[in-house]
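To start, the structure under review is shown below, and the notes come after it.
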Amino acid sequence: MKKFLILLVVALSLTGCFKSTENNDEEEINKVVGGKKGDYSIITPFTTSAIRQTYVHGYREIDTLEIGKRLQEKSKEYFSPSSYFISEGSIINEDHYKQLVNAKSENYKYGLNAERGTEFNETVKSGNTTKTVTIKNPRFVHSLYEVNFYKDKNREKIDGMSVTVVLDRKQFVDRDVNDEIISVSDESLFKIANDMISVQLNAYLRSIEEVKNIPVMIAFYVTDSVDDNIAGNYLPGYYIGHGYYESGRETSSLVRDTERHYLLNTTLASKDIPQAHGNFSVFNRKIMDFIEDETVGVIGTAFTINKEVQNYKIQVTTASKTELELYGITQYIMSQIQTLDNNRVPIVVDIKVYEDTKAMISVNNNGDVSVTYSY
């Protein structure tokens, strides 16, 4: 009898352990990784998109990150982080992707790229002359990127969706012979996106059961060239427009977005954002005078919306330095960094010795300066 009672106690204990494990598994499934205030929380376990490999290898890393970061920021207007969780897209699978990014044909009836034989006229300026160039068989849509939104952390159903359409500015005049390449203007690309692509994409998405009655945002991102992997090309593309569709019955025009990245030492920056250009020139000269080393390089970029600077990224690259020299450079830059802008916009300075980051200086929206050393 005593042995039976002992075995019964053990069996009950094991049953309790198994139940506890099951509960822990359920808790793990429902766990949320919280973002900072104003940012999205992510539901775990984290799942990757079915088309991840397709779009990640499709363009430069700098564009991959910019596309996702800015899409999140733009989505906040419609899908508040206080009400929605975010996850990688799960609707556009390989079959949908192929249907959408190919040129319209018998095999790809829903292709967002125009069917073969289509011609597009673009006005091109060269110096003081202007001419009209006819592009044969243009391929403007390069790829798609998707994120989903949920009100319930159990992810039982999707409550919202944002999609980026990546457009390629650089086009062959005649794709069949791969001859002259021209750049299509933001204005022309926006018109194509507004008049054709957004309408077709929204209609296609609404044919998918999970998307029929949920709000969808569609945004358009332009790269100078998705195949441009030349070292030293520091600028990513930017968004030129977006549209929000509350339901499948709603149609609306796109909102024009005026975003841009600038190299701060360029003529274009001096024309469009003269104050930022001038401040950077002074900042750059001070660093060069302090270091007194011809091997130092300073590169500055600014991201703008409506020509108002939203953030700065500065890269300072030097040859080998002693620890004290590197410390001195870092401290000096910290003392000068806020002279770049008095509007308290975020600033990041990456201090490198050759290719290795040795210190990162950051200024937040409140003007607080911090530094992290990596040696």
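Just the heavy atoms: all of them, side chains too, but no hydrogens, waters or symmetry mates, feed the values below.
Between Y239 and Y221, a ring centre-to-centre spacing shorter than 6.0 Å is recorded.
In K151, the NZ atom is not crowded: 12 or fewer heavy atoms of neighbouring residues, nucleotides or ligands sit closer than 6.0 Å. Counting non-hydrogen atoms of other residues, nucleotides and ligands closer than 6.0 Å to CD of E325 gives a total above 12. Taking a 6.0 Å sphere around CG of N128, one finds it holds 12 or fewer heavy atoms contributed by other residues, nucleotides or ligands.
Counting all heavy atoms, side chain and backbone alike, F190 lies closest to V255 at CE1-O, 3.8 Å. Of all heavy-atom pairs spanning D159 and P215, the tightest one is O-CD, 3.4 Å. Annotation for F172 and I135: closest pair O-CG2, 3.3 Å, computed over non-hydrogen atoms.
Rounded to the nearest 0.5 Å, atoms CD1 (I361) and CG (D350) are 10.0 Å apart. Distance check, rounded to the nearest 0.5 Å: CD of E77 to NE2 of H242 gives 5.0 Å.
Side chains of D341 and N343: a donor on one and an acceptor on the other come within 3.5 Å. Under 3.5 Å, the side chains of Y238 and D186 contain a donor-acceptor pair of N or O atoms.
The pair D257-R70 does not meet the salt-bridge criterion, since no charged nitrogen lies less than 4.0 angstrom from a carboxylate oxygen. Between D39 and K76, at least one side-chain nitrogen of the basic residue sits less than 4.0 Å from a carboxylate oxygen of the acidic one, meeting the salt-bridge criterion.
Annotation: cation-pi geometry not satisfied between R285 and F283 (NZ/CZ under 6.0 angstrom from ring centroid, within 45° of ring axis).
For residues 121-141, no residue pair satisfies the salt bridge (charged side-chain N to carboxylate O under 4.0 Å, His left out) rule, not counting sequence neighbours.
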